[in-house]
Structures are given as structure tokens and as C-alpha cells.
Amino acid sequence: MAIAHFPLKLTARRMIAPTVAHLSFVRGDGQPLDYAPGQFIQVHFACADGSPARRSYSLATIHDHALGAGEAVEIAVSYVPGGAATALFEGMPIGGTVDASGPFGRFCLLPADANRRYLLIGTGTGITPYRAMLPLLETLMRERKVEVVLLQGARTPAELLYGDEFRAFAEAHAGFRYLPCLSRELPEPGSPHAHADVRHGYVQNALAELAPDPAGDIAYLCGNPDMVDACFEALKGHGLPIPQIRREKYVSNK
Ligand SMILES: Cc1cc2nc3c(=O)[nH]c(=O)nc-3n(C[C@H](O)[C@H](O)[C@H](O)COP(=O)(O)OP(=O)(O)OC[C@H]3O[C@@H](n4cnc5c(N)ncnc54)[C@H](O)[C@@H]3O)c2cc1C
């Protein structure tokens, strides 16, 4: 089957961490983008030397897909020095367009899942699929009482992407727990990020206190490949069977 290509038009851009931009697009052809939370798109462009390039970005849009396809296409892009896509997105004017394709990927919540708990783990922009899953998680928590723990890894409080949104979601939903894991700098006492569920260290170090349970847990791992591998090994060590550990590694297309 031919892969659908469409233009994406930039409508807004804001920095959500010192080197991460939240970008909002709509399809330039006026169509909605139909996808499942957890999927990603690819953008296609020419590098400075004219060579063709493509890069993948997880969809971050919060949209209730039970209501049909949505129009907003939101992604979080980590700017890396010398990055080809970084230059593209940094230099793109509001109203500018880029060729895109998708959606792709199977890093999604599955309708047949009958687990007691989801362990959702991400570092850096690897947290974005879980933002897109929030409306569906809300439905699943209500309908089948599944519990959800979100483990977000970052170095500093300023790098906790969408941290305020996840904290607010946890405050509003008893079945959802949000554990930010900070490796370098903890929030000041009394600051907005300070909370009893903040942990010091890497996400894989916070797993033991959650007592991963082969009988009831399904885990999702997304982002930095080293983190994904470390958590995969840790979860296997807790007895989780491989089909209950779903992974999305943010490897470069270069
Ligand atoms: C399925 C999938 C989903 C992805 N989703 C996202 C997403 O939602 N958001 C996102 O930002 N990225 C995501 N990525 C990674 C993304 O596709 C690009 O690899 C990334 O944006 C870098 O592209 P670039 O062209 O700016 O840099 P490149 O031109 O690819 O690299 C420039 C230099 O930066 C280094 N570099 C590349 N990435 C990083 C990094 N993360 N940290 C430090 N150095 C790096 C490279 O090794 C190279 O030296 C995803 C990847 C996959 C496979």
C-alpha cells in the first residue's frame, strides 16, 4: 500500500525546555490526521547540501480519538547541535510547510489488553506518546479500572517536558501516578515541581519500588536507546515476559 504523503503547515512554536520545541501544525491539504496515540510521523526534506533526509517524530497531540480524527498535529523536537532537522525546524517560519508521511508504528495501547497496570516509561522527547495517550488512558481507567504509572526521566526540573500537564492529570485521576526521575538536579522545596513522587536518579532505578508484576503489568519504553535497553533488562529481571514490554527507540535515521 502506498504511504500517504501530505504537507504540514506550522501554526505555532514554543520552547518547553531549554533545547526542546513544541511545534503545532495542521495539514496543508485541509484534511485531519487519523492516527492511533503512540504513532509517529516522518518529515522529508533536503539537507543544506541538497541530499534528501527524513526524520521521525512521535505525535504528541492530546485529542480524543473516539470523537474521530483531529486536525492538530503536535510534536516535540529536541534540538541537537548540527542536526539537519533541527536546522529545518528552527528556521521554519510560521505558515511554512514541510512534506510529511504517516502515521507509522505500533507503539500503541491495544484493545485486547486486560492488564491490571500500565508502566509507561520515557526520557526526553520519548515522553510524547504518553501525552497523546492521555484521553485513551482516561477512558481505560474509567472503564476497566486499569492503573497507570508514568515514569519520566530528565536531568533537571526544567527538562521535564509537559511535567505540569502530567502532574495535573495525576491530581485529577486517582488511578494515574506520575513519578518524575531527575538524574542531576532536584526541584527546590516549595517549587512547582516539588512533590513526594519526585525521585532522584534514572528511571530504571525507580522500577524496583513499583514491584513490576508479570501477572498484571504491561510496560512501554520510549526514547533514548540506552534507557530502553536498561529498562528492558530490569523488567525482564523482575520476570516480565518480553511480549509485555513494548519498545520504541529513538534512533537516528542518518
Ligand atoms: C520512531 C522514532 C520517533 C522519534 N520521535 C522523536 C520525537 O518525538 N522527538 C525528537 O526530538 N526526536 C524523535 N526521534 C529522533 C528524530 O527522528 C531525530 O533523530 C532527531 O530529531 C535528530 O534529528 P536531527 O536531524 O536534528 O539531527 P541529526 O542530523 O540526525 O544529528 C546531528 C547530530 O546530533 C546527534 N544527535 C542526534 N540525536 C541526538 C539526541 N537526541 N541527543 C544528542 N545528540 C543527538 C547525532 O549523532 C549527530 O551527531 C524519533 C526517532 C524515531 C526512530
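Only a predicted model underlies this, so the values are computations on that prediction, with no experimental measurement involved. Computed from heavy atoms alone, side chains included, the values below leave out hydrogens, waters and symmetry copies. Numbering of ligands and ligand atoms starts at 1, following listing order.
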Closest by any non-hydrogen atom to atom 10 (C) of ligand 1: pick that one out of L88, T125, I127, L161.
T125

So is F45 polar-close to ligand 1, meaning N/O to N/O under 3.5 Å?
no

Test ring pair (Phe, Tyr, Trp, His ring centres under 6.0 Å) on F89 and F45; report intermediate values, then the result.
CA-CA 11 Å; F89 288 123; F45 57 99; 7.5 Å; no

Geometric N/O contact K249 with ligand 1, under 3.5 angstrom
no

Enumerate the atoms of ligand 1 whose separation from the nearest heavy atom of A84 is less than 4.0 angstrom.
24 (P), 25 (O), 26 (O), 27 (O), 29 (O)

Can you sort out which atoms of ligand 1 are near V77, meaning under 4.0 Å from one of its heavy atoms?
11 (O)

Can a salt bridge be assigned to the pair E165 and R131 using a cut-off of 4.0 Å between side-chain N and carboxylate O?
yes

Is there a heavy atom of I75 sitting under 4.0 angstrom from any atom of ligand 1?
no

Numbered atoms of ligand 1 (with element) below 4.0 Å of T86, judged on heavy atoms:
26 (O)

Heavy-atom proximity to atom 12 (N) of ligand 1, picking from F89, F40, Y57, F104, points to Y57

Below 4.0 Å, non-hydrogen atoms only: which portion of A76 touches ligand 1? Side chain, backbone, both or neither.
backbone

Looking only at heavy atoms, is any part of V80 under 4.0 Å from ligand 1, and if so is it the side chain, the backbone, or both, or is it neither?
side chain

Proximal candidate to atom 32 (C) of ligand 1 [heavy atom criterion; set S78, C47, S56, G83]
G83

One should read off an interatomic distance between Q152 CD and Y178 OH, to the nearest 0.5 angstrom, of 3.5 Å

Geometric class of the H65/Y35 ring pair [parallel <30°, tilted 30-60°, perpendicular >60°]
perpendicular

N/O of E248 under 3.5 Å from N/O of ligand 1, yes or no?
no

The single option from R247, K236, K249 passing salt bridge (charged side-chain N to carboxylate O under 4.0 Å, His left out) against D229:
K249

Where is the tightest heavy-atom contact between C108 and A36, given as atom of each residue plus distance?
SG-CB, 3.9 Å

Can you check whether Y220's main-chain N or O pairs, donor with acceptor, with Y130's side chain at less than 3.5 Å?
yes

Parallel, tilted or perpendicular: which describes the rings of H44 and H5, with under 30° parallel and over 60° perpendicular?
tilted

With heavy-atom distances below 4.0 Å as the criterion, list the atoms of ligand 1 near A85.
24 (P), 25 (O), 26 (O)

Which of the atoms in ligand 1, numbered in the order shown and given with their element, are less than 4.0 Å from a heavy-atom of S252?
19 (O), 30 (O)

Should we say atom CD of E209 is surrounded by more than 12 heavy atoms from elsewhere, each under 6.0 Å from it?
yes

Which ligand 1 atoms does V251 reach within 4.0 Å, using its non-hydrogen atoms?
51 (C), 53 (C)

Of the backbone atoms (N, CA, C, O) and the side-chain heavy atoms from C-beta on, which set of Y250 has a member under 4.0 Å from an atom of ligand 1: side chain, backbone, both, or neither?
both

